[in-house]
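The chains referred to below are lettered A, B, ... by the order of the sequence lines, with proteins before strands, and numbering in each begins at 1. All values reported here derive from a predicted model rather than from experimental measurement.
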Amino acid sequence: MSLRVYNTLTREKSDFSPIEEGKVRMYVCGPTVYDSAHVGHAMSAMVFDVVRRYLIYLGYDVHYVMNFTDVDDKIIDRAKRLGVDPIELAEKYIEEYKKNLEDLNILPPTEHPRATNEIDAIIKMVERLIDKGAAYEVDGDVYFRVEKAKDYGKLSGRKLEEMNAGSRIRVDIRKENPMDFAVWKAAKKGEPAWDSPWGPGRPGWHIECSAMNLQHLGDQIDIHGGGNDLIFPHHENEIAQSEAITGKPFARYWMHNGMLQLKGEKMSKSTGNLIPINEFLEDHSGDVMRLMVISSHYRSPLTFNDEVIEANERALERLLSAIKPAMEGASGAPAEITQKLEEQVEITRKGFHDSMDEDFNTAGALGYLFDLARMINQARSEGATAKELVNAQDLFKELTGVLGLKLETSEKAASSADAFIDLLLDLRQELRAKKEYQLSDRIRDELAEMNVIIEDTPQGSTWHWE
RNA sequence: GGCGACGUAGCCAAGUUGGUAAGGCAAGGGUCUGCAAAACCCCGAUCACGGGUUCGAGUCCCGUCGUCGCCUCCA
């Protein structure tokens, strides 16, 4: 079997084959940095992180570009309201976003370009569009001429004549067609601006992505990703611009993730219906977020609420249980068990691969990992030795790693409290030996209230943070 | 109004070209334990509804109801 990918452009799955053998050029739309990113952004970034990790797992050399939109109306508005410099405001949220990605165990992009660093390339592109008759200048603004793009609407399945542009926004009478969109905007007073043949101004939203693609990945790319709310108009316009310039098909595969649903609605910055990544990470690990994301298909909406978060906290504990070491003094599990475990290793490897090959079916792949976890735990409780568990556990770690899970056993680093807790455990051990259970239980209960969980095993007691 | 997606057990959710429903969480029962915890074992759905095609449909077609996304900035 080989990898199949759903392509928004064709609305069907097809076999994946990159332009250049063994290499994948991939571009994912990053955030507009005017505020803290929320868990919906995290979802999108994670979805494509998993895509990237799986492609690497398959042996591809992946060139991964994620941009920052660091100049646009919202950033300018926000900065004006706060009385700060828009470029500095953007810079602040760029740094924060990079930290978010790190905390969420998202691999750093190969390149992380930002619009303001690409101004020269953008201006050249706009000039080329004008030269080709694909764009026109009006009073310092430059608009893309949609009627010139013969197959405009092919990505979103719209037809120009069917779109009732201007039904909700006032039509700019200077435009030739209401659907024409700005590729260059004349600057108003006090706004960040760059000199151009059309006077001081700044790039339109869509052109920067086209420019960064051309600059960093070339005329044609393999995968272009983003949230499905970007299909129209953003990606539609990117296609129109890029293809107007190169005359070649822009991206081979358009991948779009579903929206994260909070309270039954799309999580969105503009409506304030959101949970910032920072806030989420105060109470939960990045792995919990990731588990939620990979528990369902990337194209489906993601149900996000407290109940689901809690369920995934517990599910994560189950995954963690699989990589616990063999019991101390284990003398070996029955042959029947160890053989079953080895068989499960092969079932898991194949099942994982087949699932992921089918348009990155992470939820299906995860199912196999839970099956393997159960088999590992079963073997361990039957007395399997570390050696008997090693193949299964190695595969388990490898494949959870492909999904981007860290599975760190100790969420909190060693703290100064450790020695005291160890002391209390020793004390409790002595009390239990004397069968003074009232006191020993009190130690356990009160430590539990401080989020220290004690587990008794035949080899003694252990503890961990809740 | 237009375009698109979806509706699977209490909740989340998978289901490749149609052949008789993964997995997780919760609940319940059990093993282990001084009691717990963890782990392990057992336990649940005919797939929104109504038609149709087929030997056979969750999986294809039509209709109905419902939810969501896009059509305006948005991952």
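Stacking is not found between A:Tyr368 and the pyrimidine-like six-membered ring of the B:A22 base under the 5.5 Å centre-distance and 30° plane-angle cut-offs.
Rounded to the nearest Å, the gap between the C1' atom of B:C68 and that of B:C62 is 23 Å. Across B:G18 and B:G52, the matching C1' atoms stand 15 Å from one another, rounded to whole Å. The P atoms of B:C47 and B:G34 are separated by 48 Å, rounded to the nearest whole Å. Only the C1' atoms considered, B:A21 is 8 Å distant from B:U46, to the nearest whole Å. For the C1' atoms, the distance linking B:G58 with B:U17 amounts to 16 Å, nearest Å. One C1' atom belongs to B:C11, the other to B:C60, and the distance between them is 30 Å to the nearest Å. Comparing the C1' positions of B:G29 and B:U67 gives a spacing of 37 Å, expressed to the nearest Å. Taking atom C1' on both B:A9 and B:A45, the two are 4 Å apart, rounded to the nearest angstrom.
In this structure, B:G56 makes no Watson-Crick or G-U wobble pair, since no nucleotide meets both defining distances under 3.5 angstrom. Across all strands shown, B:A5 is found opposite B:U67 as a Watson-Crick or G-U wobble partner, with both distances under 3.5 Å. Using the Watson-Crick or G-U wobble rule with both distances under 3.5 Å, B:G34 pairs with nothing in any strand shown. The partner of B:U46, taking Watson-Crick or G-U wobble pairs whose two distances both stay under 3.5 Å, does not exist in any strand shown.
A sub-4.0 Å separation between OP1 or OP2 of B:A38 and a side-chain N or O of A:Thr457 is absent. Taking only side-chain nitrogens and oxygens, A:Arg374 comes nearer than 4.0 Å to OP1 or OP2 of B:G24. Between B:C40 and A:Asn377, a contact under 4.0 Å exists linking OP1 or OP2 to a side-chain N or O. Checking the phosphate oxygens (OP1, OP2) of B:A5, no side-chain nitrogen or oxygen of A:Ser300 falls inside 4.0 Å.
The listed nucleotides are B:A75, B:C41, B:A14; the one nearest the side chain of A:Lys266 is B:A75. Nearest to the side chain of A:Arg158, among B:G2, B:C73, B:C35, sits B:G2. Side chain of A:Phe232, nearest nucleotide from B:C71, B:C73, B:C12: B:C71.
If you run side chain to side chain donor-acceptor pair (under 3.5 Å) between A:His206 and each of A:His235, A:Glu236, A:His234, only A:His234 comes through.
If you check distances only, the side chain of A:Asp306 never reaches the base of B:C11 with a donor-acceptor pair under 3.5 Å. Within 3.5 Å, no donor on the side chain of A:Arg11 pairs with an acceptor on the base of B:G4, nor the reverse. The base of B:C35 is paired with the side chain of A:Arg444 by a donor and an acceptor separated by under 3.5 Å. Side-chain atoms of A:Asn361 and base atoms of B:G15 include no donor and acceptor less than 3.5 Å apart.
Between A:Ser440 and A:Met375, it is A:Ser440 whose nearest contact on RNA chain B lies nearer the 5' terminus. Closest-nucleotide positions on RNA chain B for A:Glu382 and A:Lys13 were compared, and the one nearer the 5' end corresponds to A:Lys13.
Using a distance-only test at 3.5 Å, with no hydrogens or angles considered, no donor-acceptor pair links the side chain of A:Arg52 to the main chain of A:Tyr64. Not one N or O on the side chain of A:Asn100 forms a donor-acceptor pair closer than 3.5 Å with the backbone of A:Ala42. Put simply, the side chain of A:Gln393 gets close to the backbone of A:Lys324: a donor and an acceptor are under 3.5 Å apart. For A:Asn7 (side chain) and A:Glu12 (main-chain N/O), no donor-acceptor pair under 3.5 Å exists by modelled atom type.
To the nearest 0.5 angstrom, A:Leu366 atom CG is 5.0 Å from A:Ile294 atom CD1.
A:Trp465 and A:Trp463 have perpendicular rings, their planes meeting at more than 60° on a 0 to 90° scale where under 30° would count as parallel.
We find that A:Asp103 and A:Lys99 are joined by a salt bridge, their nearest charged nitrogen and carboxylate oxygen being less than 4.0 Å apart.
Around NZ of A:Lys350, the count of heavy atoms belonging to other residues, nucleotides or ligands within 6.0 Å does not exceed 12.
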Any N/O pairs under 3.5 Å between the protein and nucleotides 25-30 of chain B? List them or say none.
| residue | atom | partner | partner atom | Å |
| --- | --- | --- | --- | --- |
| B:C25 | OP1 | A:Arg318 | NE | 3.2 |
| B:A26 | OP1 | A:Arg314 | NH1 | 2.3 |

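Between the P atom of B:G34 and the CG atom of A:Leu431 lies a distance of 16 Å, rounded to the nearest Å.
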